[in-house]
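Please read the structure below before turning to the comments.
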Number of protein chains: 2
Amino acid sequence: MPKETAKNRILRVASDLFYREGIRAIGIDRIILESGVAKSSFYRNFASKDDLVAAYLEYHQDLNAKDLDEVQRQHPNSNAMQLHALIDKFVEKMKTPGYRGCPFANTTVEFPDSSHDNHIKAVKGTDENWNRIAILAEKAGAARPLELAELLRMLCNGAIMLSYMKKHDFNPDLFSATAHTLVDSHLFSWTVSRKDD
Amino acid sequence: MPKETAKNRILRVASDLFYREGIRAIGIDRIILESGVAKSSFYRNFASKDDLVAAYLEYHQDLNAKDLDEVQRQHPNSNAMQLHALIDKFVEKMKTPGYRGCPFANTTVEFPDSSHDNHIKAVKGTDENWNRIAILAEKAGAARPLELAELLRMLCNGAIMLSYMKKHDFNPDLFSATAHTLVDSHLFSWTVSRKDD
DNA sequence: AAAAAATGGTACAGATCTGTACCGTTAATG
DNA sequence: CATTAACGGTACAGATCTGTACCATTTTTT
């Protein structure tokens, strides 16, 4: 089997470092050291550090898209269950030891200038993700899908921030219960009986 | 009237710059330039940049405490109304042009190392604030005050992040309505009739 | 095996940032 | 008015960070 390319190794190591320790805090030298790659190899594969950051954001965008794909595969006949599964998946992520919040939100905070490429790309990343969820909410039969999606987004972002700041002192159970209830209430509020979708 | 001290001018200018453009993005030279102070004067008043960051965090902690004091003065006879007024005050803040999220949350993202002084102080800042709100919820007669406070905290943090990332595309009305309803539901869920406190 | 592509190693330029040293000047205070 | 405290100006040390230049080596492909 072919050896992992230098580009892949760099992106893998950098993604981990960027996420865990922050983009601005991690220098090129650190990435080179931990990925065991020559500096010249780095700049052959990435035009600049910002270029690597862009790849890092695209990588997480792919991860999010795959999560959505997965819940759609697991529950092909119920958009409602897809929403609930998405919440569960999200809670599981928050429980993992190395969890450090949303990479897109963190990036926008590390690059406050809203005209900066990294900032723009990060905003676009979450938007695409939540747009898909809004479509899911619509397909699931929510009376006001955009409203449900926005409330879910608020709740999730808040839970992310809380779990990030409070670490193990944060219990995601309350978030989980509230999010599930929120979905149900929006799906059932406009009709008394449920129709399987 | 006495001229503003150099220390005050530095803190005032730095707080604005740190908040608007980020702590790591702002160098000492920029602070010196915009506050019209000599570099030597800076280091006479602050031992280091981190020392200034600590003062910046304390400054925002004071602002939060004053907001709480104010709503308690405005509604001395109803803890419930204090909670609602706090939400309104928060919404107003989000609507102001230069709003750039929670300085404490942003600081923890800019300094991901949880053992870093800035990170620790920022976490402590929000905790103190929300502890006071939890006490308010208890005094207002919430059945589960800690739960109400945590849900409010999640919603607020989420709304902060959304308004930060979406800027003017974010309409805080949905947040406002949801937060007010949340407070009411937690205050009235355990009893049918309201008793003025 | 020969050619081509990818990688390694390293020195260094150039910019930036924090913090110090040193001295002169202004403002408050007795 | 004299003393003391606060401030201004600036040069510079030391560290760090991004990015380039140059050449040797290894791996892959033909």
Side-chain angles (χ1 to χ4, degrees), chain A residues 1-57 106-107 109-113 115-119 121, chain B residues 1-57 106-107 109-113 115-119 121:
Chain A
M1 102 180 143
K3 222 174 76 176
E4 188 182 18
T5 63
K7 185 167 189 171
N8 247 350
R9 207 160 58 231
I10 292 168
L11 180 56
R12 190 167 45 79
V13 168
S15 293
D16 185 51
L17 288 174
F18 282 163
Y19 183 68
R20 288 206 335 256
E21 305 192 24
I23 296 173
R24 299 191 90 120
I26 294 295
I28 300 291
D29 289 341
R30 178 85 182 281
I31 294 170
I32 286 164
L33 185 75
E34 297 213 10
S35 59
V37 156
K39 195 169 213 171
S40 46
S41 296
F42 177 89
Y43 280 103
R44 258 192 297 268
N45 286 291
F46 297 96
S48 64
K49 185 186 176 181
D50 275 357
D51 195 38
L52 174 62
V53 174
Y56 160 70
L57 292 173
N106 293 349
T107 301
V109 173
E110 288 206 83
F111 297 89
D113 179 4
S115 68
H116 192 291
D117 284 345
N118 297 344
H119 187 107
K121 206 177 184 71
Chain B
M1 107 180 139
K3 222 175 69 176
E4 187 183 19
T5 62
K7 184 166 189 171
N8 248 348
R9 206 159 59 231
I10 292 168
L11 181 56
R12 190 166 45 79
V13 168
S15 293
D16 185 50
L17 288 173
F18 283 163
Y19 183 68
R20 289 206 334 255
E21 306 193 22
I23 297 173
R24 300 190 89 122
I26 294 296
I28 300 292
D29 289 341
R30 177 86 183 280
I31 295 169
I32 287 164
L33 185 75
E34 297 214 10
S35 60
V37 156
K39 195 169 215 173
S40 45
S41 295
F42 177 89
Y43 281 102
R44 258 192 297 267
N45 287 290
F46 297 96
S48 65
K49 185 187 177 180
D50 275 356
D51 196 37
L52 174 62
V53 173
Y56 160 70
L57 293 172
N106 292 350
T107 300
V109 173
E110 288 207 82
F111 297 89
D113 179 3
S115 68
H116 193 291
D117 284 346
N118 297 345
H119 188 107
K121 205 177 183 73

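Proteins come first, then strands; the chains are lettered A, B, ... in the order of their sequence lines, and each starts at number 1. Hydrogens, waters and symmetry mates play no part in the numbers below; they use all other heavy atoms, side chains included.
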* Can you check whether B/Glu110's main-chain N or O pairs, donor with acceptor, with B/Arg24's side chain at less than 3.5 Å? -> yes

* Asked: Within the pair A/Arg9 and C/dG8, is there a side-chain N or O less than 4.0 Å away from OP1 or OP2?
  -> yes

* To do: Give the rounded distance in Å between these two atoms: CG of A/Asn8 and C1' of C/dA6.
  => 14 Å

* **B/Asn8 side-chain N/O to B/Glu4 backbone N/O, donor-acceptor pair under 3.5 Å** => no

* Interatomic distance where CD belongs to B/Glu4 and P belongs to C/dA27 [whole Å] -> 16 Å

* How close or far is atom P of D/dC17 from atom CG of A/Leu33, stated in whole angstroms? -> 12 Å

* To do: Output all residues satisfying side chain to side chain contact (heavy atoms under 4.5 Å, CB included) with B/Asn118, sequence neighbours left out; order by chain, then residue number.
  => B/Asp50, B/Val53, B/Thr107, B/Phe111, B/His116

* How many Å lie between CZ on A/Arg30 and C1' on D/dT18, as a whole number? -> 17 Å

* Listed nucleotide nearest any side-chain atom of B/Thr5, set D/dC7, C/dT7, D/dT20 -> D/dC7

* Do A/Ile31 and A/Leu52 come within less than 4.5 Å of each other through their side chains, counting heavy atoms only? -> yes

* Tell me, which of residues 35-42 of chain B have any heavy atom that sits under 4.0 Å from an atom in DNA chain D? -> B/Gly36, B/Val37, B/Ala38, B/Lys39, B/Ser40, B/Ser41

* Heavy-atom check, side chain of A/Ile26 versus side chain of A/Arg20, under 4.5 Å -> no

* What's the CD1-C1' distance between A/Ile32 and C/dA11, to the nearest Å? -> 14 Å

* Do the non-hydrogen side-chain atoms of A/Arg44 and A/Lys7 ever get within less than 4.5 Å of each other? -> no

* To do: Please determine if a side-chain N or O atom of A/Tyr43 lies less than 4.0 Å away from the OP1 or OP2 oxygen of D/dG19.
  => yes

* To do: Starting from the 5' end of DNA chain C, give me the residue, B/Ser48 or B/Arg44, whose nearest nucleotide shows up first.
  => B/Ser48

* Proximity to DNA chain D (any heavy atom under 4.0 Å), residues of residues 16-29 of chain B only -> none

* Asked: Yes or no on side chain to side chain contact (heavy atoms under 4.5 Å, CB included) for B/Arg30 and B/Glu21, after CA distance, side-chain angles and deciding distance?
  -> CA-CA 11 Å; B/Arg30 177 86 183 280; B/Glu21 306 193 22; 3.1 Å; yes

* Euclidean distance, atom CG of residue B/Asn45 to atom C1' of D/dA5 [Å, nearest integer] -> 12 Å

* To do: Answer yes or no: is there an ion pair linking B/Asp16 with B/Arg12, defined by an N-O contact shorter than 4.0 Å?
  => no

* Report the nucleotide, chosen from D/dG8, C/dT18, D/dC7, that has the shortest atom-to-atom distance to any side-chain atom of B/Lys49. => C/dT18

* For residues B/His119 and B/Asp113, determine if any side-chain heavy atom of one lies less than 4.5 Å from a side-chain heavy atom of the other. => no

* Nearest-Å distance for atom pair CZ/P, residues B/Phe46 and D/dC7 -> 11 Å

